[in-house]
Amino acid sequence: MRLNRLKAALIPAFLLAACGGDSEQSGTDAEAAVRAELKAYYADFSARDWDAFAAHFWPGATITTAWQAPDADSVAVVTQTVDEFVAAAPAGPGSREIFEEWMTDAQIVATSTLASAWVHYGARFGDPGDVMEWQGIDAFTLMQVGGEWRIAALAFAPDTGEPE
């Protein structure tokens, strides 16, 4: 039984190593590159530069959250493409004078070609004299291809402050 568990644990590691990739980045270099990519992502998001924002994602990437519409009875999982998110941005983050998000903490696990990042962020949204502030958590999956790190998937939720 223990041998089967060991095999089950090692198979993904061997598959990941076999996939290789076209980069020789070490885990530390990859983590630094991912951190830089995320800082640029938040800067472009806060600037509402939607072309630059979209360029942080691989084609087909998704953005997912759970949300309860004002007229709904329950929370629903909402998944959209980056293009759909950008198209809706004028009614969301682009709808008020003030909008910004910034990283407050990031836990990054990276190989030479694949990374996950659990990012705590702060946000401000509104108009002068009427600004809401909150914290949230972004869970990123990133892939590095051709020397370029981009987001493959993003899921986000409010940070409730509950124990982790």
Side-chain angles (χ1 to χ4, degrees), residues 16 19-69 75-128 130-162 164:
L16 226 142
C19 290
D22 50 6
S23 172
E24 295 298 321
Q25 281 185 329
S26 70
T28 304
D29 292 344
E31 182 180 330
V34 167
R35 189 173 300 278
E37 170 59 24
L38 293 173
K39 285 182 182 180
Y41 161 85
Y42 284 105
D44 291 336
F45 191 23
S46 294
R48 297 181 262 197
D49 182 339
W50 301 118
D51 290 337
F53 171 84
H56 290 281
F57 294 84
W58 289 111
T62 57
I63 300 173
T64 304
T65 194
W67 182 70
Q68 184 168 352
V75 175
V77 173
V78 178
T79 299
Q80 54 191 182
T81 66
V82 175
D83 290 341
E84 290 168 335
F85 183 91
V86 168
S95 67
R96 306 292 285 279
E97 185 177 333
I98 298 167
F99 173 76
E100 66 178 325
E101 279 193 14
W102 61 93
M103 272 195 299
T104 59
D105 181 48
Q107 294 140 359
I108 299 168
V109 176
T111 68
S112 62
T113 59
L114 183 64
S116 65
W118 190 267
V119 178
H120 291 257
Y121 67 86
R124 297 179 60 227
F125 176 71
D127 294 308
D130 183 24
V131 177
M132 296 179 291
E133 295 188 16
W134 68 91
Q135 293 81 43
I137 300 171
D138 284 336
F140 294 93
T141 301
L142 300 97
M143 296 187 77
Q144 187 270 126
V145 175
E148 184 174 12
W149 283 98
R150 288 195 195 180
I151 302 162
L154 165 60
F156 66 95
D159 186 349
T160 62
E162 294 175 9
E164 297 178 16

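All figures in this text were calculated on a predicted structure; none of them were measured in a lab.
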For the residue pair [X] and [Y], what are the closest heavy atoms and their distance?
{"X": "T104", "Y": "G122", "result": "CG2-N, 3.8 Å"}
{"X": "P93", "Y": "F45", "result": "CG-CE1, 4.3 Å"}
{"X": "M143", "Y": "W58", "result": "O-NE1, 3.0 Å"}
{"X": "F53", "Y": "D44", "result": "N-CB, 4.0 Å"}

Using the salt bridge (Lys or Arg N to Asp or Glu O under 4.0 Å) criterion, which residues pair with [X]? Sequence neighbours excluded.
{"X": "E133", "answer": "R124"}
{"X": "D127", "answer": "R96"}
{"X": "D105", "answer": "none"}

Hey, are the side chains of [X] and [Y] touching, using non-hydrogen atoms and a 4.5 Å cut-off?
{"X": "D138", "Y": "L154", "value": "yes"}
{"X": "Q135", "Y": "H120", "value": "no"}
{"X": "P128", "Y": "E97", "value": "yes"}
{"X": "W118", "Y": "I137", "value": "yes"}
{"X": "E37", "Y": "L142", "value": "yes"}

Item to check | Those residues that, when tested against A61, pass side chain to side chain contact (heavy atoms under 4.5 Å, CB included) (two or more places apart) | outcome: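 Side chain to side chain contact (heavy atoms under 4.5 Å, CB included) list for A61, sorted by chain: F57, V82.
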Checklist entry - Residues in side chain to side chain contact (heavy atoms under 4.5 Å, CB included) with T81, at least two apart? => result D83, E84
In chain order, what residues pass the side-chain hydrogen bond (donor to acceptor under 3.5 Å, both in side chains) check against [X], with sequence neighbours excluded?
{"X": "R48", "value": "none"}
{"X": "T79", "value": "T64"}
{"X": "Y121", "value": "none"}
{"X": "E148", "value": "R150"}

Checklist outcome for this item: Sequence neighbours excluded, the answer for ring-ring contact (aromatic ring centres under 6.0 Å, His included) partners of F156 is none
Checklist entry - Considering residues at least two apart in sequence or located in another chain, which fulfil the ring-ring contact (aromatic ring centres under 6.0 Å, His included) criterion with F140? => result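 ring-ring contact (aromatic ring centres under 6.0 Å, His included) check on F140 returns Y41.
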Checklist entry - For residues 57-68, which residue pairs qualify under salt bridge (Lys or Arg N to Asp or Glu O under 4.0 Å), counting only residues two or more places apart or in two chains? => result none
Item to check | S95 side chain to G92 backbone, donor-acceptor under 3.5 Å | outcome: yes
Item to check | Donor-acceptor contact below 3.5 Å, side chain Q144 vs main chain S112 | outcome: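 Flag set: sc Q144 to bb S112 pair under 3.5 Å.
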Checklist entry - Quick one: CG on L38 to CD1 on I108, what's the gap to the nearest 0.5 Å? => result 5.5 Å
